[in-house]
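Only one structure is covered here, and it is reproduced in the block below.
Computed from heavy atoms alone, side chains included, the values below leave out hydrogens, waters and symmetry copies. Position 1 is the first residue of the sequence, and the numbers go up from there.
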Amino acid sequence: MELPVVKIVDSFFMQALDDGASDIHIEPREDNLSVRFRIDGILHEHTTLPLKTHPSIVSRLKVLSDLDIAERHKPQDGRIQLNLEDREIDVRLSTLPTIYGEKVVLRLLSRASVKVRIEDLGFSERNLDIFEKLIKEPYGIILVTGPTGSGKTTTLYAVLNEINSIGKNIVTVEDPVEYQLPIINQVQVNPKKDLTFANTLKFILRQDPDIIMIGEIRDPETASIAAESALTGHLVFSTLHTNDAPSSLTRLIDMGVEPFLLAPSLLGVVAQRLVRKICPDCKEEYSPSKRELDTVGLSTPMEDLKFYRGIGCDKCRHTGYRGRTAIHEILVVDEKVRELITNRASVSVIRQEAAKDGFKDMRFDGLKKVISGITSVEELIRVTRDIR
């Protein structure tokens, strides 16, 4: 039975790579075993197998990731490194006990993400210019925000690739370290050994760093140390889970960071989402309805305005989409914004004042990509529905 299971598991990985999947979900159900692939951010059914194959498939994956085969009642995390048909695969594995057995999620880590350039992240010309100026500052905090799966880590790695050099001491603290970067000192968080973000940061500051990358700001202590690090001459990059850029300022204050620390230390905030790109092989042009125009804020009739959509073909698995890009908004923390932070201004006030100085939100950036035929209006609505 071992050989067929090996072939089954290998086939999952090979097909997922061919389809451009980011994750494989192996889910036991009442009557069968479901295998789904996440492609361009959306889960698709790949296959179903007899439920009796579940134990041997999970065991095979646990062996590959050096996990406890006998433990079925507690979540486990592991890593797998494979070489299939000359393709190197880095996989992050997570198990979760459910009522029908262990569910396994496999995150496929593309090494191409390590080499991505800032120019490839989907920034508009204007936003790219703003962002490149921010990352060239000698000290301060730059945040990348958005929900899980919005490409924040890829953006940070692209930044590190851009500014990395033999003359700089760059240290990261991550959970987990997804990709290994050259000449950069990367630290894996390990709470069991008291290596939390906050504790690790304290030791990093004794290592004469020039640039610090914090995988995520999760607690008040980490946020405060990051601010203090920026004020003492370090360039700090990190991520935060907020819906938009202005919300990040009030979120940090709500976490307990004092405004007098935050205002002078923060350089800027980049908020982003990933949108699916229209498949170029089945792309068609059409005239948008009044309802579509109203939905995206184009209430004034615009003659000859064209939108685009994918009608579905074999190359995009009949979804109408193939690949993804990002939409962004960048809030630069200037003197006006610093004063608002100090005065604990509301999100709406910060957004209004920033708009007076040219701040453009993600919907504006997304709408430009809709009009350019990169994505669809439906996709823009889908990924920005939680933004006020």
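- Under a 3.5 Å cut-off, the side chain of Asp68 and the backbone N or O of Ala70 do form a donor-acceptor pair.
- With sequence neighbours excluded, the residues that form a ring pair (Phe, Tyr, Trp, His ring centres under 6.0 Å) with Phe131 are Phe123.
- Between Asp23 and Arg107 there is a salt bridge, since a side-chain N of the basic residue sits under 4.0 Å from a carboxylate O of the acidic one.
- Note on Lys356 versus Glu353: salt bridge recorded, some NZ/NE/NH1/NH2 to OD/OE distance being below 4.0 Å.
- For Glu174 and Gln186, the side-chain atoms include at least one donor-acceptor pair closer than 3.5 Å.
- In this structure, Thr375 has no side-chain hydrogen bond (donor to acceptor under 3.5 Å, both in side chains) partners at least two apart in sequence or on a different chain.
- Using a 3.5 Å distance cut-off with no hydrogens or angles, the side chains of Ser376 and Tyr321 do pair a donor with an acceptor.
- Side-chain atoms of Asn199 and Asp194 include a donor-acceptor pair closer than 3.5 Å.
- Nearest approach of Ile80 to Ser65, heavy atoms of both residues: CG1-CB, 3.6 Å.
- Applying the 4.5 Å side-chain rule to ILVMFWY residues, one finds Ile69 in the same cluster as Val63.
- Ile166 belongs to a hydrophobic cluster whose remaining members, ordered by chain and number, are Ile183; membership requires side-chain heavy atoms of ILVMFWY residues under 4.5 Å apart, directly or through intermediates.
- A donor-acceptor pair is defined here as one N or O able to donate and one able to accept, closer than 3.5 Å; such a pair exists between the side chain of Gln272 and the backbone of Gly151.
- One side chain, Lys306 or Ser287, offers a donor N or O that lies under 3.5 Å from an acceptor on the other.
- One N or O on the side chain of Asp40 and one on the backbone of Gly323 form a donor-acceptor pair closer than 3.5 Å.
- Sorted by first and then second residue, the salt bridge (Lys or Arg N to Asp or Glu O under 4.0 Å) pairs involving residues 130-155 (not counting sequence neighbours) are Asp129-Lys133.
- More than 12 heavy atoms of other residues, nucleotides or ligands lie within 6.0 Å of CG in Asp18, so this atom counts as buried by the packing criterion.
- Pairs passing the salt bridge (Lys or Arg N to Asp or Glu O under 4.0 Å) check and including a residue from residues 178-188, sequence neighbours excluded, read Arg92-Glu178.
- Within the structure, salt bridge (Lys or Arg N to Asp or Glu O under 4.0 Å) pairs that include any residue of residues 251-266 comprise Glu258-Arg344 (at least two apart or interchain).
- Glu45 is linked by a side-chain hydrogen bond (donor to acceptor under 3.5 Å, both in side chains) to Ser34, counting only residues two or more places apart in sequence or in another chain.
- Put simply, the side chain of Glu71 gets close to the backbone of His73: a donor and an acceptor are under 3.5 Å apart.
- For Arg309, the side-chain hydrogen bond (donor to acceptor under 3.5 Å, both in side chains) partners are Glu284, not counting sequence neighbours.
- Taking the salt bridge (charged side-chain N to carboxylate O under 4.0 Å, His left out) definition, one finds that Asp281 meets it with Lys315, Arg322, sequence neighbours left out.
- Taking Arg338 as the reference, Glu335 meet the side-chain hydrogen bond (donor to acceptor under 3.5 Å, both in side chains) condition, with sequence neighbours excluded.
- Under the rule for a ring pair (Phe, Tyr, Trp, His ring centres under 6.0 Å), the partners of His46 that lie at least two apart in sequence or sit in another chain are Phe37.
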